[in-house]
There are 2 protein chains.
Amino acid sequence: MVNKNGKTEKSSRIQSVERALIILDVLASKSEGMSLAQISEEIGLPKSTVHGLITTLRDYDYVSQSNETGNYKLGIHLFELGSKVQRAFNIRDAAMPVMKKLNKQFGETVHLGAEDNGEVLYLEKIAADSIFSIMSDVGIRLPMHCSGLGKVLLANKSEAEVKRVISQRGLPALTKRTITTQAKLKEELQRVKKRGYALDDGEIMEGLRCVGAPVRDESGKVLYAISVSGLVKDMYGKRLDEVINATIQAADEISIALKKRG
Amino acid sequence: MVNKNGKTEKSSRIQSVERALIILDVLASKSEGMSLAQISEEIGLPKSTVHGLITTLRDYDYVSQSNETGNYKLGIHLFELGSKVQRAFNIRDAAMPVMKKLNKQFGETVHLGAEDNGEVLYLEKIAADSIFSIMSDVGIRLPMHCSGLGKVLLANKSEAEVKRVISQRGLPALTKRTITTQAKLKEELQRVKKRGYALDDGEIMEGLRCVGAPVRDESGKVLYAISVSGLVKDMYGKRLDEVINATIQAADEISIALKKRG
DNA sequence: ACGAATATTCGATATTTTCGAATTTGTTCA
DNA sequence: TGAACAAATTCGAAAATATCGAATATTCGT
């Protein structure tokens with residue numbers, strides 16, 4: 001089946017459901033909320049059509065409607081469902097205590113992430129004591145080739161898989177230190193694999209340094225990674241070595257905890 | 001418009017969207033996942049109908065399908081959307097640092113909650129150091145009349161609103177200490193209001209004691225509450241007094257932080 | 001109280017969903 | 001290896017339901 005744009009598409013999708021989900025995604029991109037007219041404009045459907053869809057979403061609390069402005073936002077029920085999904089990652093219970101210890105030890109930000117669809121998905125975050133908040137948050141996605149988490153996860157994939165990710169996502173430069181050629185990335189990933197940890201040195205944000213280490217599931221596959229992130233001025237020399245050792249050790253602890261519960 | 005059950009319903013809802021959302025709710029209740037046949041049975045629709053709906057949900061990652069069992073579960077995209085919703089509570093950034101301090105001070109579990117639809121919705125949790133994990137989690141709902149958070153939130157509502165909640169939710173007994181009469185609850189809420197904090201003494205779970213204190217938004221309304229929960233054996237006498245004072249102080253700190261940002 | 005801007009309802013039309021039956025896929029056990 | 005079963009998936013006809021633009025109602029600002 002071929003549509004008017006010439007794209008092949010599965011015919012078994014339900015149009016109205018598809019449209020409702022698109023509305024949620026559109027709303028997700030505008031945290032301040034949108035009016036009915038804006039949504040209708042954005043997705044190119046008549047207001048009355050959007051109205052029917054969004055009324056349904058509202059009635060089920062997937063969308064909330066501000067009673068001052070009448071604007072629509074993502075609703076509280078998504079928060080509840082999202083929490084259920086997060087709880088379903090059984091990595092979480094194993095990882096959190098260890099991550100807390102790591103955070104306490106150095107006072108830096110600790111992350112837990114996994115690969116999803118060629119990107120790093122941030123599953124948990126323990127923020128640094130300092131006010132300084134880094135550009136990450138639970139639920140956020142970042143490219144794999146420039147973060148400590150991502151490089152660790154990539155380094156433990158087959159060459160074919162790495163190629164697939166690159167062809168899907170490219171190697172965008174977030175800073176001038178970001179690795180942007182396939183050859184250099186390959187080299188870096190080999191280094192990561194050999195050393196057992198990844199170092200992101202301002203590749204995602206100038207002035208930010210980050211150590212990532214692999215977490216293995218029961219079967220030994222690297223599905224997750226943890227990282228410690230801090231300012232370059234706090235992450236160098238002897239202290240950096242300490243962070244590296246502690247991060248690797250913490251990751252191993254989590255792997256062992258995962259193995260224990262099978 | 002009146003349907004066959006005699007219930008009045010808005011006619012403008014989109015049937016297929018409604019059904020898709022019901023599927024998500026059904027899946028949310030079974031964390032281990034469900035087969036197509038099970039879902040179809042549960043909601044009483046033909047398998048082929050459910051298949052169309054769930055395929056759409058799957059294609060947008062609202063649902064994931066295990067490739068071993070073929071079972072359907074809630075998908076990763078709900079986690080992402082849920083995180084966005086959570087981030088939109090601007091209470092979070094103000095509350096977390098203070099909650100962490102409180103957790104560090106006593107080593108007990110700290111919660112942040114809000115009222116939603118006559119129940120306490122848990123927005124954040126910092127778990128105790130100990131392995132002992134309490135029956136709470138982010139995204140969970142509990143009754144208002146028997147938790148520290150809930151009683152604080154109720155105590156700051158009008159009598160009419162309290163009545164409405166009771167008529168909607170009743171006063172179910174979770175333990176033998178739970179308050180189950182309207183008169184006793186009224187008395188208790190007056191006490192809570194006067195003292196400025198709520199004490200849950202095994203009303204939600206035997207052996208668990210919990211101190212709740214109100215958080216005020218910019219306009220002075222009590223929209224949120226925080227609590228510290230621990231075992232009765234750790235929460236009595238002088239230490240309980242310390243916890244109470246610290247919890248109230250922490251709640252005030254959060255209120256002030258909220259006021260500052262307007 | 002008026003006008004403008006927005007949300008909501010209406011009703012005819014036909015596209016799309018729906019449903020049960022038929023088919024395919026996958027798994028278990030001989 | 002293959003037969004028998006159980007599950008998911010596809011099919012196609014029938015019509016119910018979503019869709020759309022126009023009409024109406026509501027809200028807001030001045």
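Here the structure is a predicted model, which is why all the values come from computation and not from measurement. Below, chains carry the letters A, B, ... as their sequence lines are ordered, and counting in each starts from 1.
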Legend entry - Interatomic distance, B/L45 CG vs D/dA8 P [rounded to whole Å]: 15 Å
Legend entry - Under the side chain to side chain contact (heavy atoms under 4.5 Å, CB included) test, residues paired with B/A28 that sit two or more places apart: A/L81, A/K84, B/L74
Ignoring hydrogens and angles, write down the donor-acceptor pairs under 3.5 Å from the side chains of residues 139-156 of chain A, residues two or more places apart or on other chains.
from: A/R141; atom 1: NE; to: B/E80; atom 2: OE1; distance (Å): 2.8
from: A/R141; atom 1: NE; to: B/E80; atom 2: OE2; distance (Å): 3.1
from: A/R141; atom 1: NH1; to: A/D116; atom 2: O; distance (Å): 3.1
from: A/R141; atom 1: NH1; to: A/D116; atom 2: OD2; distance (Å): 3.3
from: A/R141; atom 1: NH2; to: A/D116; atom 2: OD2; distance (Å): 2.7
from: A/R141; atom 1: NH2; to: B/E80; atom 2: OE2; distance (Å): 2.6
from: A/H145; atom 1: NE2; to: A/P172; atom 2: O; distance (Å): 2.7
from: A/S147; atom 1: OG; to: A/G150; atom 2: N; distance (Å): 3.0
from: A/K151; atom 1: NZ; to: A/E188; atom 2: OE2; distance (Å): 2.7
from: A/K151; atom 1: NZ; to: A/L199; atom 2: O; distance (Å): 2.9
from: A/K151; atom 1: NZ; to: A/E203; atom 2: OE1; distance (Å): 2.8
from: A/K151; atom 1: NZ; to: A/E203; atom 2: OE2; distance (Å): 3.1
from: A/N156; atom 1: ND2; to: A/V152; atom 2: O; distance (Å): 2.9

Inset, instruction - State which of D/dT9, C/dT18, D/dT19 makes the closest approach to the side chain of B/T49. - result: C/dT18
Legend entry - Within residues 28-66 of chain A or reaching into it, pairs that qualify as ring pair (Phe, Tyr, Trp, His ring centres under 6.0 Å) - sequence neighbours excluded: A/Y62-A/H77
Legend entry - Whole-Å distance separating the CD atom of B/Q15 from the P atom of D/dA15: 16 Å
Legend entry - Rounded distance (Å) that lies between atom P of D/dA6 and atom CG of B/N71: 17 Å
Inset, instruction - Starting from the 5' end of DNA chain C, give me the residue, A/A37 or A/S16, whose nearest nucleotide shows up first. - result: A/A37
Legend entry - B/Y72 side-chain N/O to D/dT9 phosphate OP1/OP2 under 4.0 Å: yes
Pick out the pairs of N or O atoms, protein on one side and nucleotides 22-29 of chain D on the other, that lie under 3.5 Å.
from: D/dC28; atom 1: OP1; to: A/E68; atom 2: O; distance (Å): 3.3

Inset, instruction - Report the residues that fulfil side chain to side chain contact (heavy atoms under 4.5 Å, CB included) with A/D217, sequence neighbours left out, ordered by chain and then residue number. - result: A/S219, A/K221, A/L223
Inset, instruction - Between B/H51 and B/R19, name the one whose nearest nucleotide on DNA chain D is closer to the 5' end. - result: B/H51
Legend entry - Lys/Arg N to Asp/Glu carboxylate O, A/E115 vs A/K157, below 4.0 Å: yes
Inset, instruction - Mind calculating the distance between CD1 (A/I54) and P (C/dT9) to the nearest angstrom? - result: 14 Å
Inset, instruction - Could you check how far CD1 of A/I14 sits from C1' of C/dC19, rounded to whole Å? - result: 12 Å
Inset, instruction - Would you mind telling me which of B/L53, B/T49, B/D25, B/I23 makes a side-chain contact (heavy atoms from CB on, under 4.5 Å) with B/I43? - result: B/I23
Inset, instruction - Give the rounded distance in Å between these two atoms: CG of A/L57 and C1' of D/dA18. - result: 15 Å
Legend entry - Whole angstrom value for the distance that separates P of D/dA7 from CD of B/E41: 11 Å
Inset, instruction - In whole angstrom, give the distance that lies between atom CD of A/E18 and atom P of D/dT19. - result: 11 Å
Inset, instruction - Determine the contact category for A/Q65: base if any of its heavy atoms lies under 4.0 Å from a base atom, sugar-phosphate if only primed atoms, P, OP1 or OP2 are that close, otherwise nothing. - result: sugar-phosphate
Legend entry - Proximity to the side chain of B/R58 - top-ranked nucleotide from D/dT9, C/dT18, D/dA7: D/dT9
Legend entry - Residues in ring-ring contact (aromatic ring centres under 6.0 Å, His included) contact with B/F79, at least two apart in sequence or another chain: A/F89
